[in-house]
Amino acid sequence: MSKHHVTATVNGDVVEFLCETHRSLLDVLRDELNLTGTKEGCGTGDCGACSVTIDGRLTCSCLVLGVEVEGKAIETIEGMAAGAVLHPLQRKFLEHAALQCGICTPGILIAARSLLERNPDPTEEEVRYWLAGNLCRCTGYHKIVDAVLDAAREMRRQ
Amino acid sequence: MSEMRYEAPRTLAAAIALLSGANGQASALAGGTDLLIRMRAGSVEPALLVDIKGIPEMTSIVAENGGYRFGAAVPCMELVEHEAFSTAWPGVIDGVKLIGSIQVKGRATVGGNLCNASPAADSVPPLIAAGAVVGIVGPNGRRESPVENVVTGPGKTSLAKGEIVTSFLLPRRPPHSGDAYFRFTPRTEMDIAVVGAGVNLTLDDGGVCRQARVCLGAVAERALLVPEAAAALIGTRVDAAALKRLAAAASAACRPIDDKRGTKEFRIKVAGVMARRAAEMALTRARRKN
Ligand SMILES: Cc1cc2nc3c(=O)[nH]c(=O)nc-3n(C[C@H](O)[C@H](O)[C@H](O)COP(=O)(O)OP(=O)(O)OC[C@H]3O[C@@H](n4cnc5c(N)ncnc54)[C@H](O)[C@@H]3O)c2cc1C
Ligand code: FES
Ligand code: FES
């Protein structure tokens, strides 16, 4: 089977990979590039566990083909902390106990960062609407929303 | 899965040549939020995917003759974030905003929402109410069509082989115009419309409705333009009596299906309620705009 040769940027590094047309970006990230922080919950765009940004735009990587990202810049959860220093959102998720099993967490962190880049001072309602595409089976969402609002507060002070 | 070709042309001419020249099924790929899911489910197996997102004409939003033209492959989030467009056509944006999550809207396009031809597509009723016209390009050249003539039934369009929708033209709006789209769903987000209603109206300086278009979604095999419902508003101040006649006309036009989301009776009743609420919101917006 013929494979496409794709060059893209992932978390600032140029990467090259080979993939068949039908392979999703999610599969490429996890199976070719060994970036397994991005999770698969549904594969149909419903759960948000596979959230990444492509050229700054929040998307479900399960609904993108690997071949579609030629020349694009992708950000995944692996690029969120600066070395050993956690991003404020990551720290606040720990402080607020905003995760239990953790499967939804990488996607929610990526989605929340994308919100705060556009709107540094969201209301609780805005946070809930923005994260409506990220499902969590464990936490009941309150702690997640609290953590995002608290991180936003801290980031505004910096 | 059998071997599938992928092409990402940079020009419309190249895209049309690929789509019309293919042996076997060729599909335009916009955001992929419908197509990739149907491919994985095995309900479509295109031999060729033509990614249309690299064609500049299909990915821009431009002012034109006092109105707007946006490319059929513009992601929904770009339309939502376009302040001038959102202010000019808030009802179209009501519909676009309802297409899935922020993630889905980051990819999904209005062209795909229309051409996927679901009777419940949320951007379609407000676009039809707005009087939007699509640009279409194919092997025989360019043509234009009102949005209401594109979809012919569930999953079916009037596009010929090799034709694609390139853009949507929203006309210049007279003063005191407003539009709105409401849908009924069991959940507020991430759900499929049981009924949707788009209303677009224009008032004169005295507050009397001079033009109106009403379009219903999910109550027939495709979005329905309902002139009788619009007629109930025209010549009135959109008062309680006019709204009641609008609701009755909207309900009367429905020919819905029964399914797990709603019975026929429920859809018919709710269509009137949604049309009334959309008209009230359109009226509020029209009064705000001088
Ligand atoms: C989780 C989730 C939630 C959703 N929620 C909603 C919702 O609430 N409301 C709603 O209306 N939809 C919803 N959708 C459906 C979908 O996101 C929309 O229909 C979307 O607008 C499709 O656009 P696309 O660009 O992704 O289309 P694609 O999947 O790329 O294409 C869809 C079809 O249209 C054809 N096509 C695309 N562009 C063109 C063109 N320019 N010319 C000719 N043919 C073309 C393709 O060949 C394909 O057959 C949801 C989807 C998901 C995954
Ligand atoms: S795995 Fe992509 S949205 Fe669920
Ligand atoms: S922490 Fe388990 S799904 Fe969210």
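Order of the sequence lines fixes the chain letters, A, B, ..., with proteins taken first and strands second; residue numbering starts at 1 for each chain.
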Legend entry - Members of residues 65-73 of chain A whose heavy atoms come closer than 4.5 Å to chain B: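 Against chain B, the residues of residues 65-73 of chain A that fall inside the cut-off (heavy atoms, under 4.5 Å) are Leu65(A), Val67(A), Glu68(A).
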Legend entry - Members of residues 76-102 of chain A whose heavy atoms come closer than 4.5 Å to chain B: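 Residues of residues 76-102 of chain A touching chain B at under 4.5 Å: none.
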Please find the pair of heavy atoms, one from [X] and one from [Y], that lie closest to each other, and give the distance.
| X | Y | result |
| --- | --- | --- |
| Gln103(B) | Gly48(A) | NE2-CA, 4.4 Å |
| Leu63(A) | Leu36(B) | O-CD1, 3.2 Å |
| Gly133(A) | Ser101(B) | CA-CB, 3.4 Å |
| Thr21(A) | Tyr6(B) | CG2-CB, 3.6 Å |

Legend entry - Atom pair NE2/CE of His22(A) and Met4(B) - distance to nearest 0.5 Å: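 Atom-to-atom, His22(A):NE2 and Met4(B):CE are 7.0 Å apart.
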Inset, instruction - Hey, could you give me the CD1/OG distance between Ile102(B) and Ser51(A), rounded to the nearest 0.5 Å? - result: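 Answer rounded to 0.5 Å: 11.0 Å.
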Inset, instruction - Please state whether the side chain, the backbone, both or neither of Val64(A) comes within less than 4.5 Å of a heavy atom of chain B. - result: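 For Val64(A), heavy atoms of backbone and side chain both lie under 4.5 Å from chain B.
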Legend entry - Sidechain-backbone polar pair: Arg57(A) side chain, Pro75(B) backbone, donor-acceptor under 3.5 Å: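 No; judged by distance alone, with no hydrogens or angles, the pair does not exist.
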Would you find more than 12 non-hydrogen atoms of other residues, nucleotides or ligands less than 6.0 Å from [X] atom [atom1]?
| X | atom1 | answer |
| --- | --- | --- |
| Lys53(B) | NZ | yes |
| Arg137(A) | CZ | no |
| Arg277(B) | CZ | no |

Legend entry - Minimum side-chain heavy-atom gap Ile54(A)-Arg107(B) below 4.5 Å: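 Yes, side chains in contact.
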Legend entry - Toward chain A, the part of Glu81(B) with a non-hydrogen atom under 4.5 Å: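 The side chain, not the backbone.
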Inset, instruction - Sort Leu35(B) into side chain, backbone, both or neither according to what part of it lies under 4.5 angstrom from a heavy atom of chain A. - result: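 Neither the backbone nor the side chain of Leu35(B) comes within 4.5 Å of chain A.
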